[in-house]
Number of protein chains: 4
Amino acid sequence: MSPRTKEQIAQIRRESRQQILDAALLLFAQNGFHNTSISTIAKEANISKGLVYNYFESKDDLLRQIVETAMQIGDDFAGHLELDDQDPVQSVHQTIDDLFSMLEQNPTYWKLIISLSLKEDIMLRFKDQLKQQAQKNLAYLTNYFRQLQIPEPTNHAMLYAAALDGIFLHYIYAQDLYPLSDMKDFLKRSIASLLRQKIDDR
Amino acid sequence: MSPRTKEQIAQIRRESRQQILDAALLLFAQNGFHNTSISTIAKEANISKGLVYNYFESKDDLLRQIVETAMQIGDDFAGHLELDDQDPVQSVHQTIDDLFSMLEQNPTYWKLIISLSLKEDIMLRFKDQLKQQAQKNLAYLTNYFRQLQIPEPTNHAMLYAAALDGIFLHYIYAQDLYPLSDMKDFLKRSIASLLRQKIDDR
Amino acid sequence: MSPRTKEQIAQIRRESRQQILDAALLLFAQNGFHNTSISTIAKEANISKGLVYNYFESKDDLLRQIVETAMQIGDDFAGHLELDDQDPVQSVHQTIDDLFSMLEQNPTYWKLIISLSLKEDIMLRFKDQLKQQAQKNLAYLTNYFRQLQIPEPTNHAMLYAAALDGIFLHYIYAQDLYPLSDMKDFLKRSIASLLRQKIDDR
Amino acid sequence: MSPRTKEQIAQIRRESRQQILDAALLLFAQNGFHNTSISTIAKEANISKGLVYNYFESKDDLLRQIVETAMQIGDDFAGHLELDDQDPVQSVHQTIDDLFSMLEQNPTYWKLIISLSLKEDIMLRFKDQLKQQAQKNLAYLTNYFRQLQIPEPTNHAMLYAAALDGIFLHYIYAQDLYPLSDMKDFLKRSIASLLRQKIDDR
DNA sequence: AATGAATGAGCATTCATTCAT
DNA sequence: CATGAATGAATGCTCATTCAT
C-alpha cells in the first residue's frame, strides 16, 4: 500500500535492468543472438516478456548495450595503458596480467564479444571505436618495444598483439582444456627473451 | 525433342549447385547465417527459391556443405604437413607460404569459417574434426621446434599457432588495411631468429 | 493498471482455446484437415494466426486434442456400458438412445472422427484406444445377446455393431435427409423381434 | 529408329496410364491424397514426374479418374442388380457373394473410396451418382423384402444396407483380423431367418 | 512497475505444374 | 513419348513487439 519511494523505484529499476542484461549476455553467448528469444531472456531473468521493453527499446538495443559495456571496459583498459618509463618490463607484465585476468574473470562475456566482432551488421557502429582501441593497444606495445630498443618495434607489436588475440581465441574455443596460465607465463618469458637477445646482439 | 543426356544434366546440376554455394557463401560471410534468407540467396544466384531445395536439403544442409568443403581443405592441408628432415627451415617456410596463400585466395571463405567456428550450434558436428586438425598442426610445429632443439617446443608451437590465428583474425577484420605480406615475412624472420638465439645460447 | 488476475487470464485462455477448437473442428470436418490452413482457422475464430500457437503446439497438436476429446467421450460411453441384469432389454434400449443422442447432438464432430478414423497417419496413436473401445462395445452386446439366450451371440453382436456404424455412416453422409429416428426405432424393434423369435423357437 | 506404329504407341500409352493409376491408387490409399506427391507417384510408377501430366491434367484429375473407375464398377454392380423372381433368395445370396468378393479382391481400392466418400470437396461431383447408386441398391433390397412379404421392407432394406456398409468399414479397418467370411455367412443366415420368422408369424 | 494475451511480418519448406530439350 | 530442371504460390511456424489491464 505505502507507495515506494523514488529511491526504491530506482533501485528496482537498476536491479531488473541488470538481471535482464545478465540473462541476455549468458544466453547470447551460449546460443547466439538469433537463437535467443526475448521470451527466453525474460524467463531466465524471472520477469515477464513485456517488461524487457520497459528497459530496452528492442532486442537490438539490448545487444547494443551489452556490447557497449564491453567496449567501455576495453576503452578503460586502453585508456589506462601507460608505459612506466622507470620499469617498462614490469609495466608490460602488469598489463598482460590485467588482460588475462579480465579474460578469465568473464570468459562468457569475451566469447560473445569476439564472436560478435565478426558480425558486420552488429559491429558496424562500433567499428571506429574498436579500431581506436586496437590502435591504442598497438601504440602501447610499439612504444614499449621501441623504448627497449628492440628492432622492428611495430612488427613485434603486431605479432604479439596477434599472439594475444590468438591465445584468447584458442582459450575461448577450448575453454578449460586450454593452459591459459602457462601461456601467460611463456608469453612473458618470450618477451623477456627478446630483451636478452637484443643485449646478446650487441 | 529428346531429353537431355545424363552428362548435360550433370553439367547443369554442377553449375546450378555451384552458383548457389557461391551466393550462399558470399551472403553468409557478409550478413551472417541468420540474416541471410533462402530468398536472398536465390536472388543472388539468379534462380528461384524452390530450386535451392533441388540441390540442398535445407538451409542448414547448405551451410554444412560449405563448412564441409572448408574442413576438407583444412584436412588436406593438415594431411600434407610433413617436416622435411633435410631442410626443416625451408619446410616450415613453405608451410607458412601455403597457409597465407590459402587465406589470401579466399578471405571471404575463411572469414565465414572463423566466424562460424565460434557458433557452438553449427560447429558441434565439426568439433572433433576441428580438434584433430588443430592437434595435427600443433604436432607439426612442436616437432619442428623440437628437431631444431629449441627449448620448450610445445610452448613455442602453441604461441606461434596462436600468432598465426591472431594474424588471420586481424587480417579478416581489417582486410585490405592489414599488411599481411609484411607479417608473413616478419613471422619467418621471427622464427629464424629463434634458431640464432638457440645457437647463441650455447 | 495492475495486471490481470490469474483467474481472469485463465478465463481468457479457456475462451480463446475453445474458439480455436470450435473453428478447427468445423473447418476440419467441412474441408478436411489438409485443406484447412491455420490462417483460415484463425480467421474463423476471429483471432490472429500467431495466437493459435499460443494454445496449441502445432496444427497436428490441434487435431490431436480434438480427437482426444472425442476419444474421451467414447471412453466414457464405453466405460458406462453395464448391462442391467434385471432389465437387459430396457438397458440396451437406453444405450441405443444414448448413442443416437450423442450422434445427433454433434454430427459435425463425429463426421470428423469417422473421416479421420480411416487416416492411418493421424489415427496411429489412437488405434489401441479405439480397438479397446470397439472391444468393450462388442463385449457388451455379446453379453446382452448371451444373457437373453439368443443363439450365436458373438455374430449377432458383430452384425448389430456393423449396422450401428453403417447407420451412422449413412446419417453423416445424407445428414438431414436420413430418417435417423425411424432407424433407431426400427433397430430396437428388430432386436426385440430376435427375442420373440427365440421364444417362438422353443 | 524404326518409328513405332500407331498401335504400339497406343499400347504404350495404355500401359503407362495404367501404371500411373495403379501407383496413385496404392499411394493414395496408403498415405492419403495430400500426403502423396506427384513425385512419389512417378517414382512408384517408374516414370518421370513430367510424364504424369502427359496422361492426366492435374493431380485432382488423376484422383477423379480413379474415383470414376470405382464409380463405374459401382454403377455396373447396381446396373446388374435384378431380382430373379423365380428364386429371390438365391439371387440375393449371389449379390451378397458378388459384393463381398469385390471387396476382398481389392480392399485397398475400397478403402480409398470409403475414405474419400467423406471428403466433401472431392466427392462433390460424384454425389449425385453416388446417391443414385445407393438408391438403386436400396430399391433392390426393398423389392426383395417386399416380394418375400417381409413386413417393413424399406426399413429392413435400410438396416441391411447399413449392416453391409458397417461390415465393410470394420473389415477395412481391421483388415486381416476381421472374420469377413463368417460375417458373410451369418448375414445370409440372418436374412434367411427373417423368412422363417415371417412364416412363423402366420 | 508488471503481466501475458494478441498481432502480423518474415521465413523455411513443399509441391503441383511448366517447359526446354 | 519422355525427362527432370526450374518456378512460385501456398503454408506452417517463430518471434519481436504492442497494449489492455
Side-chain angles (χ1 to χ4, degrees), chain A residues 3-4 8-10 12-13 16 34-42 47-62, chain B residues 1-6 8-9 12-13 15-16 34-42 46-60 62, chain C residues 1-6 8-9 12-13 15-16 34-42 46-60 62, chain D residues 3-4 8-10 12-13 16 34-42 47-62:
Chain A
R4 280 178 277 237
Q8 277 174 322
I9 288 178
I12 289 173
R13 281 195 72 86
S16 291
H34 287 285
N35 287 318
T36 304
S37 71
I38 291 286
S39 225
T40 318
I41 295 172
I47 56 157
S48 75
K49 219 181 347 168
L51 195 55
V52 175
Y53 290 86
N54 221 317
Y55 294 94
F56 302 93
E57 286 195 352
S58 66
K59 197 186 170 188
D60 268 319
D61 181 47
L62 180 48
Chain B
M1 280 300 138
S2 40
R4 280 174 274 233
T5 67
K6 283 259 159 79
Q8 278 174 321
I9 286 177
I12 288 173
R13 284 193 73 85
E15 281 168 12
S16 291
H34 288 288
N35 286 317
T36 304
S37 74
I38 291 287
S39 230
T40 318
I41 294 172
N46 284 315
I47 55 157
S48 73
K49 213 171 9 146
L51 195 57
V52 175
Y53 291 88
N54 221 319
Y55 294 92
F56 301 92
E57 287 196 351
S58 64
K59 196 184 170 189
D60 265 318
L62 180 48
Chain C
M1 280 299 139
S2 40
R4 281 176 273 234
T5 66
K6 284 259 160 78
Q8 278 174 319
I9 286 175
I12 288 172
R13 284 193 74 85
E15 282 168 11
S16 291
H34 288 288
N35 285 317
T36 304
S37 73
I38 291 286
S39 234
T40 317
I41 295 172
N46 284 315
I47 55 157
S48 74
K49 210 173 11 146
L51 195 58
V52 175
Y53 291 89
N54 222 318
Y55 293 91
F56 302 92
E57 286 195 353
S58 64
K59 197 185 169 190
D60 266 318
L62 180 47
Chain D
R4 280 177 277 238
Q8 278 175 322
I9 287 179
I12 288 174
R13 280 196 72 84
S16 289
H34 288 285
N35 287 318
T36 303
S37 71
I38 292 285
S39 223
T40 318
I41 294 172
I47 55 156
S48 75
K49 219 179 348 164
L51 196 54
V52 175
Y53 289 87
N54 221 316
Y55 294 93
F56 301 93
E57 286 196 351
S58 65
K59 196 186 170 188
D60 268 317
D61 181 47
L62 180 48

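Letters A, B, ... are given to chains in the order of the sequence lines, protein chains preceding strands, and every chain is numbered from 1.
- Contact of the C:Lys49 side chain with the C:Ile41 side chain is not registered, since no non-hydrogen atoms from C-beta on lie closer than 4.5 Å.
- When heavy atoms are screened at a 4.0 angstrom cut-off, C:Thr5 is found touching no nucleic acid atom at all.
- With sequence neighbours excluded, no residue forms a salt bridge (Lys or Arg N to Asp or Glu O under 4.0 Å) with B:Asp60.
- Two residues are said to be in side-chain contact when any heavy atoms from C-beta on lie closer than 4.5 Å; B:His34 and A:Asn35 meet this criterion.
- In this structure, D:Glu57 and C:Lys6 both approach DNA chain E, and ranking their closest nucleotides by distance from the 5' end singles out C:Lys6.
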Exercise for review: Do nucleotides 5-10 of chain E as a string where each nucleotide becomes B, S or -: B if the base has a protein heavy atom under 4.0 Å, S if just the sugar-phosphate does, - if no protein is that close.
Suggested key: BBBBBB
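- Here E:dC19 presents its C1' atom at 15 Å from CD of B:Gln8, a figure rounded to the nearest Å.
- Listed for the C:Ser16 side chain is a donor-acceptor partner under 3.5 Å among the backbone atoms of C:Ile12.
- For the pair D:Ile41 CD1 and E:dA16 P, the interatomic distance rounds to 8 Å; values are reported in whole Å.
- A distance of 5.0 Å separates CG in D:Leu51 from OG in D:Ser48, rounded to the nearest 0.5 Å.
- In this structure, D:Tyr55 and D:Leu62 have side chains that are not in contact, with every pair of non-hydrogen atoms separated by 4.5 Å or more.
- In the displayed structure, C:Glu57 atom CD is contacted under 6.0 Å by at most 12 heavy atoms of other residues, nucleotides or ligands.
- For the pair D:Lys59 NZ and E:dT14 P, the interatomic distance rounds to 15 Å; values are reported in whole Å.
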Practice item. Treat a base pair as Watson-Crick or G-U wobble with both distances under 3.5 Å, then lay out DNA chain E in dot-bracket form, 5' to 3', with | for cross-strand pairs. Key: .||||||||||||||||||||
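- A straight line from CG of C:Asp60 to P of F:dT11 spans 16 Å, rounded to a whole angstrom.
- Separating the CG atom of C:Asn35 from the P atom of E:dT14 is a distance of 19 Å, rounded to the nearest angstrom.
- Heavy-atom distances to DNA chain F give each of A:Tyr53 and C:Thr36 a nearest nucleotide, and the one nearer the 5′ end belongs to C:Thr36.
- Here the side chains of D:Lys59 and D:Val52 are not in contact, with every heavy-atom distance at 4.5 Å or above.
- Here the OG-CD1 distance, from A:Ser58 to A:Ile38, works out to 8.0 Å after rounding to the nearest 0.5 Å.
- Look at CD1 on C:Ile38: it is 16 Å from C1' on E:dT14, rounded to the nearest Å.
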